[in-house]
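Have a look at the structure below before the remarks.
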There are 2 protein chains.
Amino acid sequence: MLNQNPKLDLMFQALADPTRRAMIDRLSRGPASVSELAKPFDMSLPAVVQHLQALEASGLVSSQKVGRVRTCQIEPEALSQAEQWLNERRTLWVKRLDRLGEYLAATEDEEEGK
Amino acid sequence: MLNQNPKLDLMFQALADPTRRAMIDRLSRGPASVSELAKPFDMSLPAVVQHLQALEASGLVSSQKVGRVRTCQIEPEALSQAEQWLNERRTLWVKRLDRLGEYLAATEDEEEGK
DNA sequence: TTGTTACTTAATTTCATGCTTAACCAAAAT
DNA sequence: ATTTTGGTTAAGCATGAAATTAAGTAACAA
């Protein structure tokens, strides 16, 4: 079938979870360690790390370990890809609506011209 | 802490499936009936309808039934909401990076001035 | 060197998702 | 009136995702 883009699957899947969106929200304000990221959540650390793995697998977040601390940050380019997918479809639709509107306006003018 | 916006859960969840994205892609080119939407997929009709229900539950797609034909279309406002969520976080991050860049440039100037 | 911090890995349980077939309904067509 | 078309409902099944606890490792601190 059309449009096999498995990276988008992983991105939107990652974004579907409120915990993971909250993590992205936190990271949009600056980098954070795993335990900083975990702090707001009432959830075990391994659970948080699994969410983080989903975010990294999707490419939305990256991380490096220095000493024993893993620091995470947003990958804006990946966010942008998801954003663009949505934007392209939406504007296609909207432009179609615009053309339809113009057509209707034109045919109304014809009616008036009779 | 959690779940400020459950509608976003449903939207991103809906977008995570390639079949459903292909449906949105199709609908971005204009409205379609259920069986038109189903045609490209090697999948039973009930399966297609279930995907459609996920799209409608999320608000990304709406439909009306006339006679025995259900016609579906995109809800651009919903697409836009998902788009905005991504855009806000990304631009927050990017602006932060810009400020950091300016700061670094400024401290380098100081070094040079010594 | 001993303990604490900051994760990491593994095993398990529970619940949701995506798909199927079968049966059903109601509008159109013949 | 009967059949076909377009869609709906229901039940069941296989898979995968989200969480848990328990146990382990490696860095750093006392």
Side-chain angles (χ1 to χ4, degrees), chain A residues 1-24 26-27 30-73, chain B residues 1-3 5-27 30-73:
Chain A
M1 190 7 35
L2 268 175
N3 243 340
Q4 196 83 313
N5 192 339
K7 215 51 187 283
L8 282 179
D9 290 20
L10 294 177
M11 283 192 218
F12 285 125
Q13 183 64 268
L15 289 164
D17 186 282
T19 300
R20 290 193 290 257
R21 282 204 311 284
M23 286 178 175
I24 290 185
R26 164 63 188 80
L27 290 175
S33 71
V34 172
S35 32
E36 276 180 304
L37 272 179
K39 205 153 289 173
F41 303 108
D42 184 18
M43 174 186 308
S44 69
L45 193 65
V48 169
V49 171
Q50 284 180 71
H51 282 301
L52 219 37
Q53 283 166 353
L55 287 167
E56 287 208 53
S58 75
L60 290 166
V61 165
S62 66
S63 72
Q64 326 73 228
K65 200 167 181 178
V66 171
R68 58 187 169 168
V69 176
R70 175 172 301 280
T71 304
C72 308
Q73 58 269 150
Chain B
M1 173 68 207
L2 276 189
N3 234 336
N5 196 340
K7 212 55 185 285
L8 281 179
D9 290 21
L10 296 176
M11 284 192 217
F12 285 125
Q13 183 65 266
L15 290 164
D17 185 282
T19 300
R20 290 192 291 258
R21 282 203 311 283
M23 286 177 176
I24 290 186
D25 198 63
R26 164 64 188 81
L27 291 175
S33 71
V34 172
S35 32
E36 277 178 305
L37 272 180
K39 205 151 289 175
F41 302 109
D42 183 18
M43 174 185 311
S44 70
L45 194 65
V48 169
V49 171
Q50 281 173 41
H51 282 301
L52 220 35
Q53 283 167 352
L55 287 166
E56 288 208 53
S58 75
L60 290 167
V61 164
S62 67
S63 71
Q64 328 72 230
K65 199 167 179 177
V66 171
R68 58 185 169 169
V69 176
R70 176 172 300 280
T71 304
C72 308
Q73 58 269 149

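The sequence lines fix the lettering, A, B, ..., with proteins before strands; numbering per chain opens at 1.
With rounding to the nearest 0.5 Å, the separation of NZ in B/Lys39 from OG in B/Ser33 is 7.0 Å. Atom OG of residue B/Ser35 and atom CZ of residue B/Arg70 lie 12.0 Å apart, to the nearest 0.5 angstrom.
Residue B/Leu55 contributes atom CG, which lies 14 Å from atom P of C/dT17 at whole-angstrom precision. Taking atom CG of A/Asp42 as the reference point, atom P of D/dA18 lies 18 Å away to the nearest angstrom. Put simply, NZ on A/Lys65 is 8 Å from C1' on D/dT25, counting in whole angstrom units. Rounded to an integer number of Å, the gap from CZ of A/Phe41 to P of D/dA19 is 10 Å. A/Gln53 places its CD atom 12 Å from the C1' atom of D/dA18, with the value rounded to the nearest Å. One can place NE2 of A/His51 at 19 Å from P of D/dG16, the figure rounded to the nearest angstrom. We find that CG of B/Leu52 is positioned 13 Å from C1' of D/dG6, with the value rounded to whole Å. Look at NZ on A/Lys39: it is 14 Å from C1' on C/dC7, rounded to the nearest Å.
For B/Gln50 and D/dT9, a side-chain-to-base donor-acceptor distance below 3.5 Å is absent, hydrogens and geometry of angles not being considered.
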N/O-N/O pairs, protein side and nucleotides 27-30 of chain C side, under 3.5 Å:
residue: C/dA27; atom: N3; partner: B/Arg68; partner atom: NH1; Å: 3.0
residue: C/dA28; atom: O4'; partner: B/Arg68; partner atom: NH2; Å: 2.9

Would you please test A/Leu27 and A/Leu55 for side-chain contact (heavy atoms from CB on, under 4.5 Å) and show each step? CA-CA 12 Å; A/Leu27 290 175; A/Leu55 287 167; 5.7 Å; no

Given side chain to side chain donor-acceptor pair (under 3.5 Å), test B/Gln73 with B/Ser63 step by step and report yes or no. CA-CA 6 Å; B/Gln73 58 269 149; B/Ser63 71; over 6 Å; no

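One finds no side-chain N or O of A/Ser33 lying less than 4.0 angstrom from the OP1 or OP2 phosphate oxygen of C/dA6.
Closest approach of A/Glu36 and A/Ala32 over heavy atoms only: OE1-CA, 3.4 Å.
The nearest heavy atom of DNA chain C to A/Thr71 and to B/Ala54 marks one nucleotide each, and the one closer to the 5' end goes with A/Thr71.
Here the side chain of B/Arg26 pairs no donor or acceptor atom with the backbone of B/Arg21 at under 3.5 angstrom.
Among the atoms of the strands shown, base atoms are found under 4.0 Å from some heavy atom of A/Ser44.
Closest to the side chain of A/Met43, from the set D/dT8, D/dA19, C/dT8, is D/dA19. Ranking D/dT8, D/dG7, C/dC7 by closeness to the B/Pro46 side chain, first place goes to D/dT8. Taking every side-chain heavy atom of A/Asp17 into account, D/dA18 is the closest of D/dA18, C/dC19, C/dC7. Each of D/dT8, C/dT8, D/dA19 was ranked by its minimum atom distance to the side chain of A/Val49; first place goes to C/dT8.
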Between side-chain atoms of residues 12-20 of chain B and protein atoms elsewhere (two or more places apart, or another chain), which donor-acceptor pairs fall under 3.5 Å?
residue: B/Asp17; atom: OD1; partner: B/Thr19; partner atom: N; Å: 2.8
residue: B/Asp17; atom: OD1; partner: B/Thr19; partner atom: OG1; Å: 3.4
residue: B/Asp17; atom: OD1; partner: B/Arg20; partner atom: N; Å: 3.3
residue: B/Arg20; atom: NE; partner: B/Ala14; partner atom: O; Å: 2.8
residue: B/Arg20; atom: NH1; partner: B/His51; partner atom: ND1; Å: 3.1
residue: B/Arg20; atom: NH2; partner: B/Gln13; partner atom: O; Å: 3.1

